[in-house]
Enquirer: 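My structure is below; once you've seen it, I'll send some questions.
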Amino acid sequence: MQTAETTIWHNPACGTSRTVLAMIRAAGIEPVVIEYLKTPPDAAVLARVAAAVGAAKLLRVRGTRAEALGLVGAEDGAILAAMAADPGLIERPVVIAPGGIVLARPAETVVAVLGGGVPVSG
């Protein structure tokens, strides 16, 4: 298996996250798997990812307190602070790879940062 500096923020309870992890492995890459709910990213990493994908897109609304907290449409700083305090507000899966950073929703978007060769179905 190829060694690459590829990381996935993974939630094993999420079907999309499991699919993306399988796609990465099918590409011959064994990623660093971070169960972000157990090991949340620090503020600097969270800010770097948000800069790449957009803080609003990185905010998980469905099944969270995001709306009740007034985070939908909020400033990036407020969104990032809330995500740092409650990693359940982070949408998943996030893939950080040599080819870039992507919020892999839909799962097929992971292909863009893995350099191709990833089976889309299967």
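Just so we're clear, the structure is a prediction, and the values are computed from it rather than from any experiment.
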Enquirer: How close do Gly70 and Ala74 get, heavy atom to heavy atom, and via which atoms?
Expert: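 So the two residues come closest at O-CB, 3.6 Å.
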Enquirer: Can you see which heavy atom on Ala104 is nearest to which on Val95, and at what distance?
Expert: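 Heavy atoms of Ala104 and Val95 come nearest at CB-CG2, 4.5 Å.
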Enquirer: Does the side chain of Leu21 reach to within under 4.5 Å of the side chain of Val33, using non-hydrogen atoms?
Expert: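 Yes, their side chains come closer than 4.5 Å.
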Enquirer: Mind listing the side-chain donor-acceptor pairs of residues 40-59 below 3.5 Å, one per line with the distance, residues two or more places apart or on another chain?
Expert:
residue: Asp42; atom: OD1; partner: Ala44; partner atom: N; Å: 3.1
residue: Asp42; atom: OD1; partner: Val45; partner atom: N; Å: 2.8

Enquirer: May I ask you to test the Tyr36-His10 pair for a side-chain heavy-atom distance under 4.5 Å?
Expert: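 The answer is no, as the side chains (C-beta and beyond) never meet within the 4.5 Å cut-off.
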Enquirer: Among residues at least two apart in sequence or on other chains, which ones pass side-chain contact (heavy atoms from CB on, under 4.5 Å) with Thr16?
Expert: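 Thr16 satisfies side-chain contact (heavy atoms from CB on, under 4.5 Å) with Cys14, Val20, Pro93, Arg105, Ala107 once adjacent residues are dropped.
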Enquirer: Show your working on side chain to side chain contact (heavy atoms under 4.5 Å, CB included) between Trp9 and Ile96 and close with a plain yes or no.
Expert: CA-CA 8 Å; Trp9 292 0; Ile96 303 166; 3.9 Å; yes
Enquirer: Please check this pair: side chain of Arg18 against backbone of Pro12, looking for a donor-acceptor N/O pair closer than 3.5 Å.
Expert: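 Side chain of Arg18 to backbone of Pro12, a donor-acceptor pair under 3.5 Å: yes, one is there.
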Enquirer: Mind checking side-chain hydrogen bond (donor to acceptor under 3.5 Å, both in side chains) for Glu35 and listing every partner two or more places apart, or none if nothing turns up?
Expert: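 By the side-chain hydrogen bond (donor to acceptor under 3.5 Å, both in side chains) rule, Glu35 matches Lys38.
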Enquirer: What is the minimum heavy-atom distance between Arg25 and Pro31, and which atoms define it?
Expert: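 Where Arg25 meets Pro31 most closely, the heavy atoms are CG-CD, 4.1 Å.
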Enquirer: For the atom pair CG (Asn11) and CD (Glu91), what is the distance rounded to the nearest 0.5 Å?
Expert: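 The CG atom of Asn11 sits 10.0 Å away from the CD atom of Glu91.
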Enquirer: Does Glu67 form a side chain to side chain contact (heavy atoms under 4.5 Å, CB included) with Val61? I'd like the steps, not just the answer.
Expert: CA-CA 7 Å; Glu67 289 183 273; Val61 177; 3.8 Å; yes
Enquirer: Can you find a heavy atom in the side chain of Thr6 that is under 4.5 Å from one in the side chain of Val32?
Expert: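 They are not in side-chain contact.
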Enquirer: Restricting to side-chain contact (heavy atoms from CB on, under 4.5 Å), what partner residues turn up for Glu75, sequence neighbours left out?
Expert: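 Checked Glu75 against side-chain contact (heavy atoms from CB on, under 4.5 Å); zero matches.
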Enquirer: Closest approach of Met23 and Glu108, non-hydrogen atoms and distance?
Expert: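 That closest heavy-atom pairing would be CE-CA, 4.1 Å.
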Enquirer: Considering residues at least two apart in sequence or located in another chain, which fulfil the salt bridge (charged side-chain N to carboxylate O under 4.0 Å, His left out) criterion with Asp86?
Expert: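 Scan of Asp86 (salt bridge (charged side-chain N to carboxylate O under 4.0 Å, His left out), adjacent residues dropped) gives Arg65.
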Enquirer: If you round to the nearest 0.5 Å, how far is CD1 of Ile29 from OG1 of Thr7?
Expert: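 These two atoms lie 11.0 Å from each other.
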Enquirer: Partners of Ala82 by side-chain contact (heavy atoms from CB on, under 4.5 Å), sequence neighbours excluded?
Expert: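 For Ala82 the side-chain contact (heavy atoms from CB on, under 4.5 Å) partners, ignoring immediate neighbours, are Leu71, Leu89.
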